[in-house]
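Have a look at the structure below, then the notes.
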Amino acid sequence: MDYQKILDEIYEETRPLLGQGRVADYIPALAHVDPKKYGIAIETLEGGCFHVGDAAVPFSIQSISKVFALSMVLKVLGEKLWTRVGREPSGGAFNSLVQLERENGIPRNPLINAGALVVTDCLSSITENPLHRLLEFVRKNSDNPQVNYDSLIANSERETGYRNAALVNFMKSFGNIENDVDAVLNIYFHQCALMMSCIDLAQAFLYFANGGRHPITQEQVISLSQCKRVNAVMQTCGFYDESGEFAFSVGLPGKSGVGGGIVAVIPKMLSICVWSPELNPKGNSLVGMKALELFTTKTGVSIF
Ligand code: GLU
C-alpha cells in the first residue's frame with residue numbers, strides 16, 4: 001500500500017474544508033492556535049513513518065491524554081478499576097454532570113471527563129509523582145524526550161475549569177475520589193495540556209495496534225486483554241456524542257481531543273493521527289473526521 005500517496009491525496013482533497021469548523025475557545029489559551037494548521041502522520045508496525053503538512057508541530061492533545069492515563073492505571077489496578085468507572089457510552093456531553101447524580105457518582109466510562117477524572121485520581125493513588133510518571137510514559141512511547149506540558153494551557157484551563165471542579169467535588173461527595181480535589185484537578189489539567197505532534201501521537205499509539213506491546217520499545221505496556229478493552233472503549237466512547245458516527249463512517253478505534261487531534265488504530269497494522277484545530281458541532285476535528293473517513297475508504301481497511 002502506498003501510504004504516502006494516499007496521505008498526499010487526502011490532504012489535497014480535504015484542504016478546501018479548512019475554514020468550516022470552529023476552534024475550541026472555552027479554554028482561552030486554546031483559542032490562540034492557528035486554525036489553518038493541518039497535519040497527518042501514519043506509523044506502521046513495521047517501522048514505516050509517513051506524514052504530510054504540519055505533522056511535526058506539537059499541539060494540545062487534550063482528551064487524547066485520557067487513554068494514556070487509563071493505560072497506566074489499568075496496568076496496575078486491572079479489573080478493580082471497573083468498580084469505580086463503567087464502560088458504556090454516555091449518550092451525553094463529555095463534561096455532563098446529570099448522569100452522575102442518578103448513578104451514584106460512578107461515571108459511565110473513562111473517556112468522558114468524569115471518568116477521566118476518576119482515572120486521574122487512581123493515577124494519583126498509585127504513583128508518587130503522577131505528572132512526572134505520565135511524562136515519562138508519553139516520552140518513552142512516542143520516543144520523543146522533548147514532549148512536555150504547556151503550563152499556560154494548564155493554567156488557562158484551571159482558571160476556567162468550573163465544570164471539571166464541580167465533577168470532582170460531586171464524585172468526592174459519593175466517595176469516588178480518594179485524593180485532594182485540587183491535586184486531582186491539577187494533574188488532569190496538565191495531562192490535557194501535554195503538547196505532542198501527529199508523529200509523536202501516532203508513535204505513542206502503536207501499542208494499541210499491537211496487542212499492548214510497543215513495537216519499538218518491545219515493552220508490554222498493557223496486557224493483550226487490556227489492549228482489546230481500551231480499543232473497545234475508544235471505539236464506543238472515543239468521540240464524544242459522535243462515537244457512533246465515527247464507527248459508521250471511519251470504522252476504527254480512536255480518540256479525539258478538543259485541541260483538534262484524532263488518533264486511530266488499525267489493529268495489527270498501524271496508527272494514524274490527524275490534527276486540524278477547527279471542530280465540528282460535536283467537538284471533533286471537522287477536517288480530521290473527513291480525512292480518516294477518506295483513509296479507510298481509499299485503503300479499504302476497517303475492523304468490521
Ligand atoms: N481539558 C478539556 C476539558 O476537560 C478536555 C476536553 C476534551 O478534549 O474533550 O474540558
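This chain uses plain numbering: 1 for the first residue, then up along the sequence. When a ligand or atom number is given, it counts from 1 through the structure's own listing order. We use all heavy atoms of the structure for the numbers below, so side chains are in, but hydrogens, waters and symmetry mates are not.
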Can a donor-acceptor pair be found between the side chains of R158 and N186 at a distance below 3.5 Å?
yes
For ligand 1, which is the ligand I care about here, please tell me if S256 has any N or O atom under 3.5 Å from one of the ligand's N or O atoms.
no
So, taking the atom named OG in S243 and the one named CG in N109, what distance separates them when rounded to the nearest 0.5 Å?
8.0 Å
Does NZ or CZ of K255 fall inside the cone over Y240's six-membered ring, less than 6.0 Å from its centre and within 45° of the axis?
yes
With N280 as partner, the option from E242, E245, K290 fulfilling side chain to side chain donor-acceptor pair (under 3.5 Å) is E242
Provide the number and element of each atom of ligand 1 under 4.0 Å from a heavy atom of F94.
6 (C), 9 (O), 10 (O)
So, is I27 polar-close to ligand 1, with some N/O to N/O distance under 3.5 Å?
no
I need the single residue from N169, N95, N113 that forms a side chain to side chain donor-acceptor pair (under 3.5 Å) with N164. Which is it?
N113
Distance from atom 3 (C) of ligand 1 to nearest protein heavy atom, with residue and atom
E157 OE2, 3.1 Å
Going by the 4.0 angstrom heavy-atom rule, the piece of F189 near ligand 1 is neither
Please say which of I262, V274, V263 ends up in a side chain to side chain contact (heavy atoms under 4.5 Å, CB included) with S256.
I262
What is the closest protein heavy atom to atom 10 (O) of ligand 1, and at what distance does it sit?
Y26 OH, 2.7 Å
Where's the contact between N164 and ligand 1, heavy-atom distance under 4.0 Å: side chain, backbone, both or neither?
side chain
Working to the nearest 0.5 angstrom, can you tell me the gap between C192 SG and K66 NZ?
6.5 Å
Note: ligand 1 atoms sitting under 4.0 Å from heavy atoms of C192 are 1 (N)
If you look only at distance, which donor and acceptor atoms sit under 3.5 Å apart when one is on a side chain in residues 31-43 and the other is two or more places apart or in another chain?
from	atom 1	to	atom 2	distance (Å)
D34	OD1	K36	N	2.9
Y38	OH	T14	OG1	2.7

Atoms of ligand 1, numbered as shown, that sit under 4.0 Å from any heavy atom of Y240:
7 (C), 8 (O), 9 (O)
As an exercise, identify every atom of ligand 1 less than 4.0 angstrom from a heavy atom of G257.
8 (O)
Contact summary for A247 and F304, nearest pair of heavy atoms
O-CE1, 3.8 Å
Among protein heavy atoms, which sits nearest to atom 4 (O) of ligand 1, and what does the distance come to when rounded to 0.1 Å?
Y188 OH, 2.7 Å
With heavy-atom distances below 4.0 Å as the criterion, list the atoms of ligand 1 near S63.
5 (C), 6 (C), 7 (C), 8 (O), 9 (O)
Protein residue, atom and distance nearest to atom 2 (C) of ligand 1, heavy-atom basis:
Q62 OE1, 3.0 Å
Within the 4.0 Å heavy-atom cut-off, what N113 brings close to ligand 1 is side chain
